[in-house]
2 protein chains.
Amino acid sequence: MSSERLIYLPLGGAGEIGMNAYVYGYGAPGKERLILVDIGVTFPDMDGTPGVDLILPDIGWLRENLDRLEAVFITHAHEDHVGGVPHYAELLGKPIYARVFTANIAKRKLEDVDLPTDNVRVVSAWPQKVEAGPFKVSFLPIAHSIPESAGLVIDSPAGRVIHTGDFKLDETPIVGEPFDAALWAEVSKDGVQALICDSTNVFSPYPGRSEASIGAGIKMLVGEAEGMVVATTFASNVARLKTLATSARSAGRSVVLLGRAMRRMVEAAVETGVLTDFPPVISPEQALEVPRANLMLLVTGSQGEHRAASAQLSRGKYLGLELKEGDTFLFSSKTIPGNERSVIRIMNALSEKGVDVVDDRMGDYHVSGHANRPDLERMHALVRPKMVIPMHGEHRHLREHAQLAEAAGLAAAIATNGTMLDLSGNVPVVVDHVDTGRTYLDGSVLIGAMDGIVRDRIRMALNGHVVVTLIVDEENELLGDPWCEAMGLPETGSSRAALVEVLEEDLSQFLNRASEKTLRDDGAIEEAMRRIVRQTAQTEIGKKPEVTVVISRLG
Amino acid sequence: MSSERLIYLPLGGAGEIGMNAYVYGYGAPGKERLILVDIGVTFPDMDGTPGVDLILPDIGWLRENLDRLEAVFITHAHEDHVGGVPHYAELLGKPIYARVFTANIAKRKLEDVDLPTDNVRVVSAWPQKVEAGPFKVSFLPIAHSIPESAGLVIDSPAGRVIHTGDFKLDETPIVGEPFDAALWAEVSKDGVQALICDSTNVFSPYPGRSEASIGAGIKMLVGEAEGMVVATTFASNVARLKTLATSARSAGRSVVLLGRAMRRMVEAAVETGVLTDFPPVISPEQALEVPRANLMLLVTGSQGEHRAASAQLSRGKYLGLELKEGDTFLFSSKTIPGNERSVIRIMNALSEKGVDVVDDRMGDYHVSGHANRPDLERMHALVRPKMVIPMHGEHRHLREHAQLAEAAGLAAAIATNGTMLDLSGNVPVVVDHVDTGRTYLDGSVLIGAMDGIVRDRIRMALNGHVVVTLIVDEENELLGDPWCEAMGLPETGSSRAALVEVLEEDLSQFLNRASEKTLRDDGAIEEAMRRIVRQTAQTEIGKKPEVTVVISRLG
């Protein structure tokens with residue numbers, strides 16, 4: 001038995017949907033040479049991460065082992081795979097390999113924050129191979145909801161691993177390479193040690209539908225619409241944009257791209273040659289001169305993002321354009337769990353304007369970019385690996401996917417973030433657990449999810465905040481009375497007097513009775529005052545606020 | 001033409017799903033005698049209402065016109081129809097009419113907060129009529145996802161109005177009266193002035209399914225399960241509880257009710273005679289002595305509520321009971337938009353325990369309690385009113401429902417909260433708009449949605465909070481330096497020094513340069529210090545915090 005081993009270690013994306021980051025390593029235990037596949041982000045929400053701008057995987061383990069890291073590979077240009085690049089590229093300081101479109105997007109992200117882009121290296125698809133320490137890595141084209149998605153063929157001395165990336169088995173994807181079963185079979189024919197496989201749609205029971213299958217429905221909808229037509233989808237779904245724009249053109253409508261991400265994606269796709277024959281677009285200013293029946297807007301904000309074009313249009317005029325009774329608004333998208341309320345808010349605002357809202361439940365206007373259950377089975381059968389390691393999914397997806405593989409007679413393991421697997425043998429073996437977690441981009445600072453900063457914000461949001469100030473002189477005598485300021489709390493409670501006055505009264509009573517010993521001890525005063533504020537507030541308003549006590553000692 | 005009129009004024013529930021409250025009036029304009037139909041609540045979320053306990057309709061208009069209010073009628077015992085009773089019953093001080101089960105629940109709510117229950121009056125179903133000023137009101141049984149739901153037949157000198165309440169056309173509802181088309185036709189045969197009609201499911205294209213249709217599927221699932229079975233649904237869905245419990249019994253399983261709401265609803269249903277033949281239940285303590293293959297738990301928390309039994313069980317032991325590999329957890333429910341993340345969190349926690357999670361997407365384990373589009377058409381055709389006024393729905397539902405009615409040749413109007421309609425003529429006419437909104441129960445205090453209290457909490461959650469304290473003596477000289485405390489903010493920013501020290505330094509510089517005139521003016525100091533803190537923080541951490549400045553003046 002070799003003393004070297006092939007390891008797999010997800011740092012993000014395994015046990016969640018989003019912020020993908022997977023480490024592979026080969027070598028003697030603890031000395032494996034490493035590569036990182038994808039470095040994505042996920043998005044904050046008010047529930048758990050108020051005020052946070054972006055969520056990144058905690059790469060602490062990787063930083064501690066930075067001298068062992070050879071390179072980074074990005075499978076495709078979705079935010080949950082490439083979004084971490086501008087935040088971590090400099091830190092990691094390693095070459096970042098990607099295909100041309102993905103590399104273009106990664107470079108734009110680095111340029112946005114004035115970082116050098118020369119670490120980003122463009123790689124052609126299979127059979128080109130990149131050497132990275134003990135690994136040879138090749139990008140194997142596969143269809144997804146963004147151009148040029150790729151699986152990775154990762155060859156190591158312990159055999160071949162295939163990392164699918166996000167994928168679907170689409171043979172008519174409109175933009176980008178169709179799924180090529182023969183190519184995947186060819187790559188797999190000499191034996192695959194492990195298939196690391198996308199799990200997000202494992203609960204979808206029917207075979208995935210092709211991007212091409214929705215063209216006719218969209219064309220009919222756009223053709224029959226009378227007023228202006230607006231359609232929203234993910235900006236990165238360039239194939240969808242092409243379908244929508246083509247439908248517009250054949251209905252005699254000029255196309256306007258609204259939203260920075262939308263223009264940027266089309267620009268990158270044209271620039272890199274992955275998008276051809278996209279109809280000409282006009283600017284919002286030019287659109288003002290065109291009759292509304294001859295316009296189609298392609299807009300950002302399919303997930304209800306407050307500042308994106310969809311939300312702006314639902315609220316009123318945006319860049320001079322305004323929706324009216326008789327216009328049609330198409331959500332050519334699926335709402336990601338958690339975004340329902342924001343999307344529904346837009347739908348209702350549009351309804352108030354008399355706009356007809358159409359979404360994918362009313363017709364074939366959207367298809368998923370991920371492999372459904374039967375597609376996963378087909379992939380397992382095609383690659384026939386020794387073992388399947390489900391990745392990219394919540395725990396329930398990973399578990400279901402592992403059961404699916406086992407039902408087909410393949411070894412499988414559920415490995416969530418931080419679980420290190422040895423893939424060298426006939427079955428996956430858990431060999432370590434490393435600390436992982438989440439890092440928040442908060443304004444311009446990276447903070448740890450467990451630092452308590454966001455916890456304090458949530459507490460203030462739930463409980464309000466009372467600030468107590470107190471001045472004590474050289475002789476430990478109070479100067480004046482304690483003073484309270486309340487933020488986020490009702491002004492009056494059960495006693496009908498101002499809450500802050502009731503608090504100040506109770507605090508004064510305590511201080512008047514306090515011993516000199518207590519008054520010498522800031523900690524004791526703080527503790528007592530916090531307790532009094534919380535108790536009194538509970539009686540007055542039925543709520544225990546957060547309390548900050550500021551004691552100023554003169555002299 | 002009469003100088004008197006029949007009016008309709010929704011104060012809640014029209015333009016939203018939840019917190020139903022509908023006013024009807026008859027009399028001379030501005031002097032109409034009034035009745036209130038339903039007084040419900042809706043539930044807060046972290047996005048818009050952090051820390052709030054309940055959301056109620058703002059009944060300011062009704063309070064101003066309290067002398068005109070005759071009575072309150074409650075159609076059924078769902079929280080969004082009856083939940084406001086304990087908060088507003090005393091305030092309104094009017095008789096509250098309901099059928100026996102609904103009245104039982106309303107009384108329990110009043111007892112919970114030590115309020116008298118004698119205002120609550122039990123009424124039999126049609127043909128019994130309650131006189132309330134110019135109105136005669138009768139409860140017309142109809143099926144819904146709770147026992148004894150009722151439409152209201154509201155007779156006035158301007159004709160008959162039918163207010164459907166929430167309903168479905170279920171002829172085999174398991175518990176409660178089946179939908180009786182002949183009765184509804186009979187009541188409608190002499191002409192109905194207006195049908196005020198539930199709109200929530202207008203976008204569901206297929207006829208609604210009966211509660212009875214899911215019995216077989218549930219029975220099979222429970223029968224085939226090997227370990228313990230847990231099922232969650234709304235506690236008030238007594239018919240579902242009966243179906244689940246009956247399946248348990250026929251699979252040789254003892255039934256345990258977990259969660260206060262669950263026990264309470266079954267108790268109320270048995271007490272009032274609406275529920276019969278419910279299998280005997282055992283206590284959680286007794287359950288510990290029963291093999292897990294012979295147990296079925298019926299638990300609260302189908303919407304992922306953090307403290308309900310479902311969530312507790314997903315986290316660990318609850319009342320001694322613990323889920324294990326091989327157990328089955330059934331969500332016999334639909335996730336309400338906005339609750340997806342909480343429900344998914346539970347599903348993943350269960351997956352980590354090896355529990356098989358089943359929900360309504362995997363089989364026929366749930367049916368809606370509301371009328372779908374074809375059911376609404378059937379109701380329109382059965383009642384044949386002069387006009388249809390869609391109620392209970394977001395704007396998009398009301399609009400779609402109005403279009404549906406108009407397509408059948410009926411007059412219709414979209415009236416959202418605060419819109420007063422005159423229903424006396426052949427078509428509905430908007431005659432007024434009154435101020436409405438939301439009232440929050442926050443701890444033990446009712447606060448207005450627009451008071452700024454919750455807005456301040458949201459701002460602290462998004463931006464953090466900096467408190468600046470400053471002491472100024474009798475001669476307007478600073479005593480010591482300004483002091484900063486930061487809550488919910490990173491400790492260090494771009495300069496690598498402690499954030500509060502950088503802030504204090506910049507504030508000190510400002511104060512040292514400040515004129516005596518400025519130092520005499522608290523407003524000017526506050527404003528300047530707030531600006532400095534926000535600017536410096538923006539530079540340091542890329543975030544502008546909320547700022548509270550406390551200036552203590554000695555002497």
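So you know, we letter chains A, B, ... as the sequences are listed, proteins then strands, and number each from 1.
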For the interface with chain A, which of [options] has the highest count of heavy-atom pairs at distances below 4.5 Å?
{"options": "B/M362, B/E546, B/E394", "value": "B/E394"}
{"options": "B/A486, B/G354, B/G493", "value": "B/G354"}
{"options": "B/G51, B/G452, B/S552, B/A461", "value": "B/A461"}
{"options": "B/D456, B/L398, B/D45, B/I453", "value": "B/I453"}
{"options": "B/I344, B/V343, B/D451", "value": "B/I344"}
{"options": "B/K544, B/E491, B/M487", "value": "B/M487"}

Would you indicate whether the side-chain heavy atoms of B/V550 and A/W483 approach each other to under 4.5 Å?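 A side-chain contact under 4.5 Å exists here.
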Per-residue contact mode, [X] against chain B (heavy atom under 4.5 angstrom):
{"X": "A/I458", "value": "both"}
{"X": "A/T492", "value": "backbone"}
{"X": "A/R455", "value": "neither"}
{"X": "A/V467", "value": "side chain"}
{"X": "A/I541", "value": "both"}
{"X": "A/E485", "value": "side chain"}
{"X": "A/D47", "value": "both"}
{"X": "A/V468", "value": "neither"}
{"X": "A/E400", "value": "neither"}

Could you tell me whether [X] and [Y] have a side-chain N and a carboxylate O separated by less than 4.0 Å?
{"X": "A/R553", "Y": "A/D522", "value": "yes"}
{"X": "B/R457", "Y": "B/D442", "value": "yes"}
{"X": "B/K334", "Y": "B/D360", "value": "no"}

What I want to check is whether the side chains of A/H395 and B/S351 have a donor and an acceptor closer together than 3.5 Å.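 On atom types as modelled, these side chains qualify, holding a pair under 3.5 Å.
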Indicate the atoms forming the closest heavy-atom contact of A/L507 with A/P482, along with that distance.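 In terms of heavy atoms, the two residues are closest at CB-CG, 3.8 Å.
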Please give me the minimum heavy-atom distance between A/S342 and A/Q303, naming the atom from each residue.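 Smallest heavy-atom distance, with atoms named: CB-O, 4.0 Å.
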Among the listed options [options], the residue most often paired with chain B at heavy-atom distances under 4.5 Å:
{"options": "A/R459, A/M347, A/H465", "answer": "A/H465"}
{"options": "A/K543, A/H397, A/Q403", "answer": "A/K543"}
{"options": "A/G488, A/G15, A/G443", "answer": "A/G488"}
{"options": "A/G480, A/P337, A/G338", "answer": "A/G338"}

Looking at [Y], is its backbone amide N or carbonyl O close enough to the side chain of [X] to form a donor-acceptor pair, meaning the two atoms are under 3.5 Å apart?
{"X": "A/E406", "Y": "A/L404", "result": "no"}
{"X": "B/R345", "Y": "B/H306", "result": "no"}
{"X": "A/E504", "Y": "A/C484", "result": "yes"}
{"X": "B/N348", "Y": "A/R396", "result": "yes"}

Would B/E540 and B/S495 satisfy side-chain hydrogen bond (donor to acceptor under 3.5 Å, both in side chains), going step by step from the backbone distance to the final call? CA-CA 7 Å; B/E540 283 290 303; B/S495 72; 2.9 Å; yes
